[in-house]
Protein chains: 2
Amino acid sequence: MFQEFFLGFVKIHVLYHASKQPIYGAEILEELARHGYRLSPGTLYPTLHRLEKDGYLSVEKRVIEGKVRKYYAITGQGLAVLGESKKKIAELVDEVLLDK
Amino acid sequence: MFQEFFLGFVKIHVLYHASKQPIYGAEILEELARHGYRLSPGTLYPTLHRLEKDGYLSVEKRVIEGKVRKYYAITGQGLAVLGESKKKIAELVDEVLLDK
DNA sequence: GTCCACAATATCGTCTGCTGATATCGGACT
DNA sequence: AGTCCGATATCAGCAGACGATATTGTGGAC
């Protein structure tokens with residue numbers, strides 16, 4: 001679908017939420033669905049793994065109500081990307097939304 | 001590099017410029033470079049072909065000062081994606097930039 | 001008209017990443 | 001030990017990204 005245009009958006013959403021507080025996979029899936037991004041676990045989980053492997057997220061296992069969850073938090077490197085993303089978003093807004 | 005986060009941005013830039021006036025490959029490369037997106041011809045051209053094949057862009061060959069250029073213009077379907085993109089951008093801004 | 005220069009576009013092999021469907025995990029409860 | 005269930009993991013097939021390199025097409029020089 002349009003996915004190819006928005007997968008980057010999804011990753012930025014993930015970084016952003018992970019910068020607010022640790023998040024786990026299933027939670028993100030719901031959150032993203034609320035924004036109209038329908039992506040399957042088969043897409044999200046490998047993505048989380050990669051973001052962690054690449055040093056943008058750190059992971060911590062927790063047990064909540066008998067369920068194992070992996071909470072992801074943003075790292076310094078992740079914050080750098082998020083900052084860069086904000087600049088790029090601002091640029092996009094200037095051009096595409098504000099027609100400058 | 002960070003490219004995986006921003007390739008969607010690049011495509012949206014392309015659609016946007018193509019909605020203003022027909023554009024050609026080499027021109028886009030420069031324009032994108034101005035925005036800090038360094039991507040090679042080997043990435044851009046196949047992308048243009050695909051956007052055209054998928055019906056988001058239409059193409060017209062022109063000769064300018066002895067050089068063949070392929071000018072791409074946005075289609076109705078492309079405008080639809082661009083519109084959808086604007087919504088998504090606005091959402092991103094609300095969350096990531098404005099911290100809502 | 002042949003050759004050259006040059007901008008622009010095209011192609012290639014390889015690698016990385018996306019995808020939906022399906023499987024597996026691990027703790028709690030009985 | 002067995003079952004349930006939320007959550008995470010994996011797989012095979014396919015699509016897309018990438019840098020480097022090659023090709024195209026036109027106007028002008030001679």
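Note that these values count all heavy atoms, side chains included, but never hydrogens, waters or copies made by symmetry.
- Nearest heavy-atom pair across A/Val68 and A/Lys61 is CG1-CG, 3.7 Å.
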* Please walk me through it: do A/Glu95 and B/His17 pass side-chain hydrogen bond (donor to acceptor under 3.5 Å, both in side chains)? -> CA-CA 9 Å; A/Glu95 270 209 73; B/His17 282 110; 3.0 Å; yes
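- When heavy atoms are screened at a 4.0 angstrom cut-off, B/Gly42 is found touching base atoms of the nucleic acid.
- Between B/Glu30 atom CD and C/dT9 atom C1' the separation is 15 Å, expressed in whole Å.
- A straight line from CD of B/Glu60 to P of C/dT9 spans 13 Å, rounded to a whole angstrom.
- Contact check, B/Arg50 against D/dA17: a side-chain N or O comes under 4.0 Å of OP1 or OP2.
- Closest heavy-atom contact between B/Ser58 and B/Thr75: N-CG2, 3.7 Å.
- Nucleic acid contact for A/Leu48: none, since no nucleic acid atom lies under 4.0 Å from a heavy atom of the residue.
- In this structure, the nucleotide among D/dT8, C/dA10, C/dA8 sitting nearest to the side chain of B/Pro41 is C/dA10.
- The listed nucleotides are D/dA17, C/dT11, C/dG20; the one nearest the side chain of A/Ser40 is C/dG20.
- Residue A/Arg69 has its side chain nearest to D/dT8 when only C/dA8, D/dT8, C/dA10 are considered.
- To the nearest 0.5 Å, atom CZ of residue B/Phe6 and atom CG of residue A/Leu92 are 10.0 Å apart.
- At D/dA17, none of the side-chain N or O atoms of B/Thr43 fall inside 4.0 Å of OP1 or OP2 (strictly under the cut-off).
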* To do: Start with the C-alpha distance between B/His13 and A/Glu91, add both sets of side-chain angles, then the distance that settles side-chain hydrogen bond (donor to acceptor under 3.5 Å, both in side chains), and finish with yes or no.
  => CA-CA 10 Å; B/His13 265 287; A/Glu91 278 183 22; 4.9 Å; no
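- Rounded to a whole Å, the CG atom of B/Leu39 is 15 Å from the C1' atom of D/dA20.
- Here the P atom of nucleotide C/dC18 and the CD atom of B/Gln3 are 14 Å apart, to the nearest Å.
- In this structure, B/Leu29 places its CG atom 15 Å from P of D/dA20, rounding to the nearest Å.
- Between A/Asp54 atom CG and C/dG17 atom C1' the separation is 11 Å, expressed in whole Å.
- Atom pair B/Leu7:CG and C/dT16:C1' shows a separation of 12 Å (rounding to whole Å applied).
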* To do: Any chance you could list the contact pattern along nucleotides 23-30 of chain D? Use B for base contacts, S for sugar-phosphate-only contacts and - for none, protein heavy atoms under 4.0 Å, 5' to 3'.
  => --BBS---
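- An OP1 or OP2 oxygen of C/dG17 is reached within less than 4.0 angstrom by no side-chain nitrogen or oxygen of A/Lys53.
- Scanning all heavy atoms of the two residues, the minimum distance from B/Leu79 to B/Ser19 falls at CD2-CB, 4.3 Å.
- At D/dT8, one or more side-chain N or O atoms of A/Tyr45 fall inside 4.0 Å of OP1 or OP2 (strictly under the cut-off).
- The two atoms that bring A/Val96 and B/Lys86 nearest to each other are O-CE, 3.6 Å, heavy atoms only.
- Mapping A/Thr47 and B/His49 onto DNA chain C by nearest heavy atom places B/His49 closer to the 5' end of the strand.
- Comparing D/dA17, C/dT9, D/dA7 by their nearest atom to the side chain of A/Tyr24 picks out D/dA7.
- Phosphate proximity of C/dG26 to A/Lys70: absent, as no side-chain N or O sits under 4.0 Å from OP1 or OP2.
- With B/Tyr37 as the aromatic partner, A/Lys88 meets the cation-pi criteria of under 6.0 angstrom to the ring centre and within 45 degrees of the ring axis.
- What separates CZ of B/Phe5 from C1' of D/dA17 is a distance of 16 Å, to the nearest Å.
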